[in-house]
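For ligands, and for the atoms within them, numbers begin at 1 and follow the listed sequence. Computed from a predicted structure; not experimentally measured.
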Amino acid sequence: MAPLLKADAASIERAALIIRSGGIVAFPTETVYGLGADALNSAACARVFEAKNRPSFDPLIVHLADRGGLEGLVKSIPPPARALMDRFWPGPLTLVFDKSELVPDIVTAGLPTVAVRMPAHPVAIELIARSGRPIAAPSANPFGYISPTRADHVASQLGDAVDLILDGGECAVGLESTILRIDDDGAFLLRPGGLALEEIEAVIGRVADASGPRARPNAPGQTASHYSPSTPVRIVKSAADAGPLTGNEGLLSFRGFSGEAPFAAVETLSPAGDLREAAARLFSCMHRLDSLGLGLIYAEKVPQEGLGRAIMDRLRRAESPSVDRREGRPFPD
Ligand code: AMP
Ligand code: MG
């Protein structure tokens with residue numbers, strides 16, 4: 001059972017040390033308790049998914065203590081986004097930017113964009129500032145459970161899966177954050193939340209609603225909430241089952257490949273067969289194979305346990321992208 005500590009200078013410092021060394025910490029925000037990891041550490045972020053026992057990957061929101069941290073994480077900051085940050089940060093407004101190379105693919109579930117916000121909670125801000133890292137965090141509940149608004153909710157639901165729980169009292173039970181994408185084509189509401197659309201429009205003018213399933217599916221701000229490779233993918237039990245091979249196929253191997261088959265390129269998820277490492281590498285391996293202009297990517301199955309379920313979910317969506325589009329996000333938690 002993880003220590004449950006009342007948030008004070010000493011416990012926050014201890015939590016910050018855990019974040020810096022790749023651990024995961026539950027902490028209060030103004031919305032709900034978050035399950036945080038160093039957003040720049042893929043393996044630590046894989047642990048967040050593992051702890052939540054979620055059968056799929058979902059992009060995580062990156063939490064910052066100040067605006068200075070934003071520059072390195074994103075490619076550019078559109079002027080309307082600056083105006084909104086001036087007005088509403090810290091607070092329940094998440095902005096989606098084109099991501100920089102620094103942000104690991106697992107944080108964004110392979111998307112080229114990253115969602116960022118600054119929470120309005122002194123404990124969250126202090127933790128992020130002391131750890132010196134942006135903190136990627138979903139809500140601190142296991143898949144299928146309601147979002148926790150008190151530290152003892154986290155303790156009973158996730159106590160064995162996290163390294164430390166910071167008790168900051170009850171969250172001002174809020175809505176989730178409002179998520180907005182701003183790019184050259186305008187401003188798009190991706191998820192309604194704690195900050196009203198009217199307040200946003202009072203600052204930057206009209207915002208298009210891209211939050212519904214039928215809302216402009218091809219709107220730039222709404223490019224699917226999940227990354228899918230453009231190269232066709234076929235799942236096989238092992239590389240030996242791939243074929244016929246023409247020399248234009250890639251292999252996404254679980255533990256590595258030493259056979260004779262003429263794959264044009266091979267990416268290995270985890271030579272040691274470690275599902276956490278495999279999850280941490282999954283999206284970057286897929287991106288590399290996808291960038292080679294191959295005719296087909298064979299993907300080896302991974303064991304259906306722990307993070308293996310989320311990896312297999314991702315591979316199946318890549319194999320049948322139309323299923324991905326139809327189902328949207330089937331695993332709300
Ligand atoms: P939460 O459950 O409050 O942590 O919010 C996570 C939400 O942010 C999920 O619905 C994600 O789909 C959304 N999200 C995170 N990153 C992105 C992104 N890059 N683009 C669009 N939506 C995102
Ligand atoms: Mg959630």
Parallel, tilted or perpendicular: ring planes of F49 versus F57, cut at 30 and 60 degrees: perpendicular
For P138, atoms of ligand 1 separated by under 4.0 Å from a heavy atom: 4 (O)
Donor-acceptor pair between R309 and N53 side chains, under 3.5 angstrom: yes
Nitrogen or oxygen of T113 less than 3.5 angstrom from that of ligand 1: yes
R191 and S177 side chains, donor-acceptor separation under 3.5 Å: yes
Contact with ligand 1 for T108, non-hydrogen, under 4.0 angstrom: no
Contacting atoms of ligand 1, where contact means under 4.0 angstrom from a heavy atom of E176: 2 (O), 3 (O)
N/O separation below 3.5 Å, R191 to ligand 1: yes
Atoms of ligand 1 close to I179 [distance to a heavy atom under 4.0 angstrom, numbered from 1]: 7 (C), 8 (O), 13 (C)
Basic-acidic side-chain contact under 4.0 Å: R150, D152: yes
Where ligand 1 meets L190 - atom numbers and elements under 4.0 angstrom, heavy-atom basis: 21 (C)
Distance-only donor-acceptor check, side chains D98 and S76, under 3.5 Å: no
Any donor-acceptor N or O pair under 3.5 Å, side chains T31, E176: no
